[in-house]
Visitor: 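Input: one structure, supplied below.
Heads up: numbering here begins at 1 and tracks the sequence. All values below were derived from every heavy atom in this structure, side-chain atoms included, with hydrogens, water molecules and symmetry-related copies excluded.
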Amino acid sequence: MATGSVSSTPIQAKIQFAPMFGGDAPVNVDSNAAVIDTANLPDVTVNENQSATFALQLPSGLVATNTRWYVGDVQQPTSNNGELVIPLAKSNADVYAISDFKRGQITVAQNVRSNTAKLTVIPAHHDYSVDFSEPFFYLSAVGRRHAC
């Protein structure tokens, strides 16, 4: 899962082998072969009925491919790899993506789930007015008691 920050960090490890027969010294091996890439999916705030655009922020040289976008836990039917557009935002939601990452022609990570971003929708203000150019009637029925 992505952490909500953008970086490419090499993994370094030291491997120490136990001394072999005869008391030889241990062998130390350094490795920079692996890199962990993290991405960010920022929160988005829009007015009700406006479009909301979510875009993955990736380290330089990295591209998202085979991306599947989710609003809530519902996979969205259409999207661009690195971008999701919700055309008429109606309500608040959690949004995330699951992508493969490529650097050049090499796939460096598969099925990486982004951090969860928040879609915040600001409700539209509805203004109502009364048109007095047309007459209207208000009737009220009042019950009466009659003496017998």
Side-chain angles (χ1 to χ4, degrees), residues 1-20 25-144:
M1 176 184 271
T3 61
S5 63
V6 178
S7 69
S8 291
T9 307
I11 298 172
Q12 295 184 346
K14 267 191 181 173
I15 301 171
Q16 188 172 41
F17 296 99
M20 295 299 178
V27 177
N28 292 320
V29 178
D30 289 321
S31 171
N32 289 341
V35 173
I36 293 180
D37 293 303
T38 58
N40 181 44
L41 184 60
D43 296 336
V44 173
T45 299
V46 296
N47 291 323
E48 184 179 6
N49 294 323
Q50 292 189 337
S51 67
T53 302
F54 288 87
L56 284 171
Q57 297 174 339
L58 302 170
S60 179
L62 206 64
V63 176
T65 62
N66 303 320
T67 303
R68 295 165 318 277
W69 287 92
Y70 295 84
V71 176
D73 285 322
V74 178
Q75 185 172 353
Q76 300 305 291
T78 59
S79 67
N80 180 342
N81 273 322
E83 189 174 89
L84 170 70
V85 176
I86 300 171
L88 295 171
K90 299 283 187 197
S91 60
N92 298 340
D94 290 337
V95 177
Y96 64 93
I98 298 176
S99 302
D100 297 342
F101 293 159
K102 279 185 135 179
R103 184 171 280 111
Q105 298 301 316
I106 300 170
T107 299
V108 296
Q110 291 182 308
N111 294 316
V112 179
R113 187 187 187 283
S114 75
N115 58 295
T116 300
K118 300 286 183 192
L119 168 60
T120 303
V121 177
I122 300 168
H125 296 285
H126 298 287
D127 295 321
Y128 297 96
S129 62
V130 178
D131 182 1
F132 289 104
S133 63
E134 296 292 326
F136 65 93
F137 296 98
Y138 176 75
L139 299 176
S140 174
V142 178
R144 291 185 182 180

Visitor: Between Val108 and Leu62, which heavy-atom pair has the shortest distance, and what is it?
Guide: CG2-CD1, 3.7 Å

Visitor: Would the distance check show the side chain of Arg103 and the main-chain N or O of Phe101 forming a donor-acceptor pair, the cut-off being under 3.5 Å?
Guide: no

Visitor: Quick one: CG on Asn66 to CD1 on Ile98, what's the gap to the nearest 0.5 Å?
Guide: 12.0 Å

Visitor: To the nearest 0.5 Å, what is the distance between CG (Leu88) and CG (Asn49)?
Guide: 6.0 Å

Visitor: Stepwise, does the side-chain contact (heavy atoms from CB on, under 4.5 Å) test hold for Val85 with Gln76?
Guide: CA-CA 10 Å; Val85 176; Gln76 300 305 291; over 6 Å; no

Visitor: If we only count heavy atoms from C-beta on, is the Leu84 to Val95 side-chain gap below 4.5 Å?
Guide: yes

Visitor: Which value, rounded to the nearest 0.5 Å, describes the distance between Leu58 atom CG and Asn40 atom CG?
Guide: 9.5 Å

Visitor: What's the spacing between Ile86 CD1 and Thr53 OG1 if we round to 0.5 Å?
Guide: 8.5 Å

Visitor: Tell me the closest heavy-atom pair linking Asn92 and Val121, and the distance in Å.
Guide: OD1-N, 2.7 Å

Visitor: Specify the closest pair of heavy atoms between Ala39 and Asn115, including all atoms of both residues, with the distance to one decimal.
Guide: O-OD1, 4.0 Å

Visitor: Can you tell me how far the CZ atom of Arg68 sits from the OG atom of Ser99, to the nearest 0.5 Å?
Guide: 7.5 Å

Visitor: Before giving the answer on side-chain contact (heavy atoms from CB on, under 4.5 Å), spell out for Asp94 and Lys118 the whole-Å C-alpha distance, their side-chain angles and the decisive distance to 0.1 Å.
Guide: CA-CA 5 Å; Asp94 290 337; Lys118 300 286 183 192; 2.8 Å; yes

Visitor: Rounded to the nearest 0.5 Å, what's the gap from CD on Glu83 to CG on Leu56? Could you check?
Guide: 9.5 Å

